[in-house]
Amino acid sequence: MRRLFPVTEETPGRTGRQEAGHADAADAAASGGQDVQGGDGTPVPERKDQEDRTDREGQVDRTDREDQVDRTDREDQVDRTDRTWELDELAEAYAYPEPVPASAPAPASAPARPRHVWLRANMVSSLDGAGQHDGHSEPLSSAADMRIFGVLRALADVVIVGAETVRKEGYRPARARRHFAARRAAAGQPPAPPIAVVSAGMDLDFSLPLFTEPLVPTLVITGAEAPGNRVAAARRAGVEVVIAGEGVGVEPQQVVAALAERGYARLLLEGGPRLLGQFVAVGALDELCLTVSPVLTAGQAQRIAGGPAVPVPDRLRLVSVLEDEGFLFTRYQRIRPLPADPPEEPQDPEA
């Protein structure tokens, strides 16, 4: 098992995934402790538990670092035990797959969706299957979990989240991260990914910072029969409303297609459980990044995915595992048939 990074006595706790400050903690962690920019371009003060990061970084024991080897072989050849993974290494480890060429034949079992789009989800779970504790994911999280959370956001074109999670966790806009600025620019991405809120009833407060202060305008995704007065209120507030369903609610495949039409191919779903369950039920999920927290919670907490059961359990393949202080950071991908080889052109016997 590979260690993500060592935790020392100087490493403070984190607030975890709770979104009332959740985005700020993730941004600060992902930017290596540098100030990040607010919507008006002014520096955002770091959290108190992230002070003196410069001094602390110098105290972390990194004596076990090994020389870098050829990038293509590094995953197998470098022992990364008991040392910090750099942010760029994490970005490479969690990089989105190369898109399948649009000209490549699609397998018969492939869902009806753009071929170049990749949808991953990022969730956390206790050892006994709880996706939250006391209604929040914060108690299940850790500093390493937040570091990966920030990296996954930095790689995404857009972040998808359900309206209930937005209300419960106090979501704020994603912030620009200096460390990933060049990487995002090279990928043709804006400084921060927009948040796309999925809501059937449109019961959202459009005066909140999520809608009034984003670097990139927040989207609201709903169905064609969503309440007209709420759709109008969203548009008056400057929110882009995306229709991705024929009824009141959305249809997951249409969500993916609608985002792809707007140029978003690297999709990140952050929950909640009911929304993730909808995507799982129709086979729309390509990848699950799951943090397994070394805690037991008991109780009646939701699992990471809810809703109707799929007829046959969907098996995924394990791509990678990282470990830190008992936390496991797993990455699973859907097992999909490879595109069939194109038929050979008939040979002209006279040639």
Side-chain angles (χ1 to χ4, degrees), residues 1-18 22 25-26 28-30 32-33 49-50 53 56-57 59-69 71-97 120-133 137-155 179 268 270-271 287-297 303-305 315-334:
M1 207 67 76
R2 287 170 174 164
R3 196 172 186 80
L4 177 61
F5 61 6
V7 178
T8 69
E9 291 182 358
E10 292 79 21
T11 304
R14 292 291 196 277
T15 59
R17 294 171 173 241
Q18 186 176 11
H22 178 184
D49 61 3
Q50 294 168 337
R53 178 182 294 274
R56 186 172 67 250
E57 289 288 330
Q59 297 171 8
V60 176
D61 182 7
R62 295 176 175 172
T63 57
D64 291 335
R65 288 180 179 269
E66 294 193 21
D67 294 335
Q68 296 295 316
V69 296
R71 185 181 302 277
T72 57
D73 296 326
R74 185 173 60 201
E75 286 291 332
D76 295 327
Q77 297 182 15
V78 177
D79 180 6
R80 293 173 170 176
T81 303
D82 293 328
R83 77 160 177 87
T84 301
W85 277 41
E86 303 295 343
L87 291 173
D88 286 336
E89 291 178 297
L90 286 173
E92 291 161 12
Y94 282 92
Y96 280 81
R120 71 166 35 140
N122 180 25
M123 305 293 284
V124 62
S125 171
S126 69
L127 291 175
D128 51 343
Q132 56 184 243
H133 185 66
S137 54
E138 173 188 356
L140 308 181
S141 188
S142 71
D145 178 49
M146 289 307 302
R147 190 174 177 88
I148 290 180
F149 178 93
V151 169
L152 293 181
R153 275 197 167 190
L155 296 176
H179 188 91
L268 176 63
E270 291 182 352
E287 180 178 320
L288 174 63
C289 296
L290 177 64
T291 297
V292 181
S293 178
V295 300
L296 295 171
T297 66
R303 306 182 329 183
I304 65 167
R315 182 162 183 171
L316 283 67
R317 67 183 182 92
L318 179 64
V319 176
S320 65
V321 181
L322 302 176
E323 183 269 345
D324 180 76
E325 293 295 309
F327 284 82
L328 299 182
F329 304 94
T330 67
R331 185 181 177 195
Y332 289 88
Q333 290 180 1
R334 175 184 294 277

For the student: nearest non-hydrogen atoms of A93 and R331, plus distance: O-NH1, 2.5 Å
Side chain S293, main chain L140, donor-acceptor under 3.5 Å: yes
Determine whether M123 and C289 satisfy the following criterion, side chain to side chain contact (heavy atoms under 4.5 Å, CB included), listing intermediate values before the conclusion. CA-CA 6 Å; M123 305 293 284; C289 296; over 6 Å; no
With a cut-off of 6.0 Å (strictly less than), are more than 12 heavy atoms of other residues, nucleotides or ligands near OH of Y94? yes
Is any NZ, NE, NH1 or NH2 atom of the basic residue among E287 and R334 found under 4.0 Å from an Asp or Glu carboxylate oxygen of the other? no
Spell out, as yes or no, whether a donor-acceptor pair under 3.5 Å connects the side chain of R153 to the backbone of I148. no
Gap separating the CG atom of L318 from the CD atom of Q333, nearest 0.5 angstrom: 10.0 Å
Measure from the side-chain N and O atoms of E89 to the backbone N and O of E86, and report whether any donor-acceptor pair falls under 3.5 Å. yes
Contact between D128 and T297 at the side-chain level, heavy atoms closer than 4.5 Å - yes or no? yes
Would you check if the side chain of R120 reaches a backbone N or O of Y332 as a donor-acceptor pair within less than 3.5 Å? no
Let me see the working for W85 and L322 under side chain to side chain contact (heavy atoms under 4.5 Å, CB included), right down to the final yes or no. CA-CA 10 Å; W85 277 41; L322 302 176; 3.6 Å; yes
Run V321 and F329 through side chain to side chain contact (heavy atoms under 4.5 Å, CB included) and show every step you take. CA-CA 6 Å; V321 181; F329 304 94; over 6 Å; no
Between T330 (side chain only) and L290 (backbone N and O only), is there a donor and an acceptor less than 3.5 Å apart? yes
Looking at E92 and A95, would you say the former's side chain and the latter's main chain have a donor-acceptor pair under 3.5 Å? no
